[in-house]
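Below is one structure, written out as structure tokens; comments come after it.
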Amino acid sequence: MKVLMISDNRCRENLIPYPLGIACIAAAAKQAGYEVSCLDLMFSSDPGADTLERIQAIEPDCIGLSVRNIDNQDSGANEFYVPAAKEIADAAKSGSRAPIVLGGAGFTIFPLECLEYMDLEMGIVGEGERSFVELLARLEAGAAVDDMAGLALRRGGASRINPPGPHAWPGLFPPPDRELFDVTRYDWKPGETPPFVANLQSRRGCHMRCIYCSSPTVEGRVVRVREPGKVADELASLEKDYGISLASFVDSLFNYPADYTRELCREIISRKLTLRWIANLNPLYCEHETMALMREAGCAGISIGNESGSEDILQSLKKGFTRKEVIEAVKDAKELGFRINCFLLLGGPGENEKTVKESVELMLELAPDMVGVTVGIRIYPGCEMHAIALREGVIAPGQNLLYPTFYISRETEPWLYPYMRELCDAHAGWNL
Ligand code: B12
Ligand code: SF4
């Protein structure tokens, strides 16, 4: 059975990400014996035509379409990516009668909305390795797929999402297949050094309950870790086999669970690599011992997901840590010599002039190398932010949130975006 996996992503904000999800699923499908071909439309100037051309060349029996980003989460300069994904789906439909299966992070947040928008029948919600392989087996056998765990189905005017199956524990599947895409094409910010960056994942899931975040929807709340030695081997292979000099861990909380992180660092240290890597840390788990080991293992830069510098806002966003913990984490990281990226997510419930000032002043005082600023909170279904926005009348019951919708507190709405734009323009390393 021939399978074509397509990545729809053409967004170049932040960096050009290697399509890691597809590389994971393709590896699992190949291991199960399927003939898999992949198409990343990131570098395509005519995605519809390229899709059609590949379909005609391969004549796949099933097409998997990965939808990563719904929009760029920017309330002031929003880009909505689903229309472009629909064009790809339309091209696929025009060239093939094979079933088209949607998947990916963006799709998982809005499964039925995406199926409806793109006029498609099915998709897999959440992790794809186990489910996609099971779906292929059923399609190959001509068996019914309707009852498959984690399947979103839109058929004959009715639609439903089946309950999820058990988590695909990362250890059960092969590592992402790095031969599928030319790693040297995946840039840091286009045109900037280092010339290319590889991404990898050591764990999935986040147990935290930040009121706005869709990550637990995508990855689940149960943290599952890969065998540390295998992750270190993957890192070593990126350096030795692909010449990668900077790798980026995509894990939401690289420093949790701490004992696992330390074990992973020890494994990386034992590989004696020259490659450097970056990771995302939660201030709550920034123990000195863990951070020192990370440094020793080649971690050059960290993103600290502080989001605010105001105690009140940290509480209203349910970040689970305090302003004091943010300060301690950044100070310790500075002493250890990390390049530090902090974040401000402004305009949430309770935000006002005073709390914005507290956040801005804290960032100026701590002076991380970079501050990523977001104004307005993108409202995702199922998050607590969704319920708050409904309660406050920011959105209406039943409103289709696939179309980018943001929460910005009434006290800050008129001035916050232009104010932060001006501030970011005036401070090197601050980005809105
Ligand atoms: C790490 C990360 C980043 C890093 C990327 C680093 C790198 N080198 O890759 C950085 C910080 C740069 C980044 C930037 C952005 N990101 Co980001 N990012 C993530 C994060 C945390 C993990 C992504 C990842 O690599 N996961 C690991 C891989 C293996 O998982 P995966 O791709 O999801 O694939 C699995 C499943 O989705 C599924 N699957 C995937 N494809 C397919 C296809 C089929 C057919 C099937 C069946 C299944 C399937 O199976 C896979 C394996 O289990 C996710 C949130 C999350 N927890 O998922 C957000 C996330 C993907 N990002 C998001 C966004 C919006 C962005 C930005 C637009 C933000 C911005 N304005 O800068 C940019 C866009 C970047 C770009 N150019 O595309 C959103 C996307 C959805 C949405 N809301 O629109 C997410 C979901 C977070 C969120 N807030 O909701 N991001
Ligand atoms: S913001 Fe970070 S810590 Fe909070 S739920 Fe999302 S991934 Fe977890």
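This chain uses plain numbering: 1 for the first residue, then up along the sequence. Here the structure is a predicted model, which means the values were calculated and not measured. As the structure lists them, so they are numbered: ligands from 1, and atoms in each ligand from 1. Both backbone and side-chain heavy atoms feed into the values below; hydrogens, waters and symmetry mates do not.
The protein heavy-atom contact nearest to atom 3 (S) of ligand 2 is Leu253 CD1, 3.5 Å. The nearest heavy-atom contact from the protein to atom 6 (Fe) of ligand 2 is Cys213 SG, 2.3 Å. The protein non-hydrogen atom at the shortest distance from atom 38 (C) of ligand 1 is Gly126 O, 3.4 Å.
For Tyr34 and Phe132, the ring centers are positioned 6.0 Å apart or more.
Cation-pi geometry between Arg203 and Tyr256 is not met at under 6.0 angstrom from the ring centre and within 45 degrees of the axis. Under a cutoff of 6.0 Å and an axis angle of 45°, Arg178 and Tyr18 form a cation-pi pair.
Atoms of ligand 2 found under 4.0 Å from any heavy atom of Lys319, numbered from 1 in the order shown, are 1 (S), 4 (Fe). The contact set between ligand 1 and Asn9, taken as ligand atoms under 4.0 Å from a residue heavy atom, comprises 76 (C), 78 (O). Near Ser215, the atoms of ligand 2 lying under 4.0 angstrom from a non-hydrogen atom of the residue are 7 (S).
Looking at Gly21, Pro176, Gly104, it is Gly104 that brings a heavy atom closest to atom 39 (N) of ligand 1.
In summary, Glu129 and Arg204 engage in a salt bridge, as defined by a charged side-chain N under 4.0 Å from a carboxylate O.
Contacts of Glu13 with ligand 1, taken as heavy-atom pairs under 4.0 Å, involve both backbone and side chain. At a heavy-atom cutoff of 4.0 Å, ligand 2 is contacted by no atom of Glu307, backbone or side chain. At a heavy-atom cutoff of 4.0 Å, ligand 1 is contacted by both the backbone and the side chain of Asn69. Only the side chain of Ile109 comes within contact range of ligand 1, with a heavy atom under 4.0 Å; no backbone atom does. Neither the backbone nor the side chain of Tyr81 has a heavy atom within less than 4.0 Å of ligand 1.
Here's the thing with Arg68: one of its N/O atoms is less than 3.5 angstrom from an N/O atom of ligand 1. Residue contacts with ligand 1: Phe132 is placed with no nitrogen or oxygen under 3.5 Å of a nitrogen or oxygen of the ligand (distance criterion only). Residue-to-ligand polar distances place Ser214 within reach of ligand 1: an N/O pair is separated by less than 3.5 Å. Considering backbone and side-chain atoms together, Glu219 places an N or O closer than 3.5 Å to an N or O of ligand 1.
For Thr412 and Ser409, the side-chain atoms include at least one donor-acceptor pair closer than 3.5 Å.
Test Glu116, Glu121, Glu113 against Arg154 for salt bridge (Lys or Arg N to Asp or Glu O under 4.0 Å) and you get one pass: Glu116.
At a cut-off of 2.8 Å, Cys210 does not coordinate atom 6 (Fe) of ligand 2 through any N, O or S atom.
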